Amino acid sequence: MQTFNGLYAITPDTDDSERLIEQVGAVLDGGARILQYRNKGSDTVRRLWQANILASLARSRNALFIINDDVELARAIGADGVHVGRNDAGIAAARAALGPDAIVGASCYDSLALAHAAVAAGASYVAFGAVYPSATKPGAVAAPLSLFADSADLGVPRVAIGGITAANAGTVVAAGADAIAVIGGLFGQADPCAAARTLAALYR
């Protein structure tokens, strides 16, 4: 796995493929090193088409490409990996389906115990969040930034997610997050490229 750190862009749910492609290109040009395709709403054909295009964009910028919660889609397009929820069995199944070199990320919410279990099950990285109130998941549990100091011995990259913007990202990076996962703070901005540039610069 190439270096897993920096700005981790997560796409918004949308059927507007043209705008999505334009925004993703801008975010990658701004410095996102990891791109996750997340779309809970579109039909299977549209999701496959969008994922293929975004995978090509990510590869052209030497960025990692991750699929959210769909192992079969990740395998079908040759993605770098997949991100799954709290189920340890999901981690093991993803690893078995995608192979030993695939990236398998795991959501661990506010739980250090879940993070240790995820790593034991074969996770390549763990995500804690929401570190700030999230517009994407308004009911998400709050995850304290102290988790990054407490998880320093996990041995895998640790990603922060939830409500991260240019205004608060510096605090998250300083707390020890290896990567910051951002949706609205990128795709909800008037200039996604400039927003990405600002956030990515925190890791330089």
Side-chain angles (χ1 to χ4, degrees), residues 1-2 4 7-30 32-109 114 118 121-127 129-130 134-140 159 161-162 164 179-189 192 196:
M1 183 171 70
Q2 67 192 73
F4 194 99
L7 177 57
Y8 184 152
I10 301 179
T11 63
D13 285 357
T14 181
D15 290 338
D16 187 345
S17 298
E18 184 177 351
R19 178 169 172 75
L20 177 64
I21 292 164
E22 178 185 351
Q23 288 191 316
V24 166
V27 164
L28 290 168
D29 287 343
R33 305 314 311 140
I34 308 154
L35 176 67
Q36 182 188 125
Y37 176 62
R38 181 185 185 275
N39 190 329
K40 301 289 189 180
S42 291
D43 62 71
T44 302
V45 173
R46 183 181 286 111
R47 291 179 73 246
L48 179 61
W49 188 85
Q50 287 183 345
N52 265 309
I53 295 294
L54 299 187
S56 295
L57 280 176
R59 291 185 189 111
S60 73
R61 272 72 163 190
N62 197 33
L64 294 168
F65 187 64
I66 308 293
I67 297 291
N68 178 266
D69 211 23
D70 190 334
V71 174
E72 290 309 312
L73 179 58
R75 182 163 58 180
I77 66 163
D80 293 300
V82 68
H83 185 94
V84 298
R86 69 169 72 229
N87 187 347
D88 289 352
I91 298 170
R95 173 67 64 212
L98 299 178
D101 297 328
I103 298 168
V104 179
S107 293
C108 296
Y109 314 98
L114 275 178
S124 310
Y125 72 89
V126 298
S134 168
T136 303
K137 290 188 175 181
V159 178
I161 188 170
I164 298 173
I180 47 173
V182 185
I183 304 175
L186 291 170
F187 296 97
Q189 305 306 301

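As the structure is a prediction and not an experimental result, all values here were calculated from the model.
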Under 3.5 Å, which donor-acceptor pairs link side chains of residues 18-27 to any protein atom two or more places apart or in another chain?
unit_1: Q23; atom_1: NE2; unit_2: F187; atom_2: O; d: 3.2

Side chains of [X] and [Y]: does their closest heavy-atom pair fall under 4.5 Å?
| X | Y | value |
| --- | --- | --- |
| R38 | T136 | yes |
| R33 | N62 | yes |
| L28 | L57 | yes |
| I77 | L73 | yes |

Exercise. Side chain to side chain contact (heavy atoms under 4.5 Å, CB included) with A74: which residues, sequence neighbours excluded?
Worked result: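 Once residues adjacent in sequence are excluded, the partners of A74 under the side chain to side chain contact (heavy atoms under 4.5 Å, CB included) criterion are I67, A79, V82, L98.
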
To check you understand the geometry: which heavy-atom pair defines the closest contact between [X] and [Y], and what is its length?
| X | Y | answer |
| --- | --- | --- |
| D69 | G85 | OD1-N, 4.3 Å |
| G41 | D13 | N-OD2, 4.2 Å |
| R95 | P100 | NH1-O, 3.5 Å |
| A127 | H83 | CB-CE1, 3.9 Å |
| A63 | A32 | CB-O, 4.0 Å |
| L35 | A58 | CD2-CB, 4.4 Å |

Problem set entry | Set of side-chain hydrogen bond (donor to acceptor under 3.5 Å, both in side chains) partners for D70, sequence neighbours left out |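 side-chain hydrogen bond (donor to acceptor under 3.5 Å, both in side chains) check on D70 returns R47.
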
Exercise. In chain order, what residues pass the side-chain hydrogen bond (donor to acceptor under 3.5 Å, both in side chains) check against N52, with sequence neighbours excluded?
Worked result: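 In terms of side-chain hydrogen bond (donor to acceptor under 3.5 Å, both in side chains), with neighbours along the sequence ignored, N52 is linked to no residue.
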
To the nearest 0.5 Å, what is the distance between [atom1] on [X] and [atom2] on [Y]?
| X | Y | atom1 | atom2 | value |
| --- | --- | --- | --- | --- |
| L54 | T11 | CG | OG1 | 6.5 Å |
| I161 | Y109 | CD1 | OH | 10.0 Å |
| L7 | I180 | CG | CD1 | 5.5 Å |
| T14 | R46 | OG1 | CZ | 9.0 Å |
| L64 | F4 | CG | CZ | 6.5 Å |

Exercise. Considering residues at least two apart in sequence or located in another chain, which fulfil the salt bridge (Lys or Arg N to Asp or Glu O under 4.0 Å) criterion with R59?
Worked result: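 Salt bridge (Lys or Arg N to Asp or Glu O under 4.0 Å) list for R59, sorted by chain: empty.
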
Problem set entry | Residue list, salt bridge (Lys or Arg N to Asp or Glu O under 4.0 Å) with D16, at least two apart or on another chain |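 If we apply the salt bridge (Lys or Arg N to Asp or Glu O under 4.0 Å) test to D16, skipping adjacent residues, there are no hits.
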
Look only at the side chain of [X] and the backbone of [Y], and say whether a donor-acceptor pair between them is shorter than 3.5 Å.
| X | Y | value |
| --- | --- | --- |
| S124 | V104 | yes |
| D80 | I66 | no |
| Q36 | F65 | no |
| Q50 | Y37 | no |

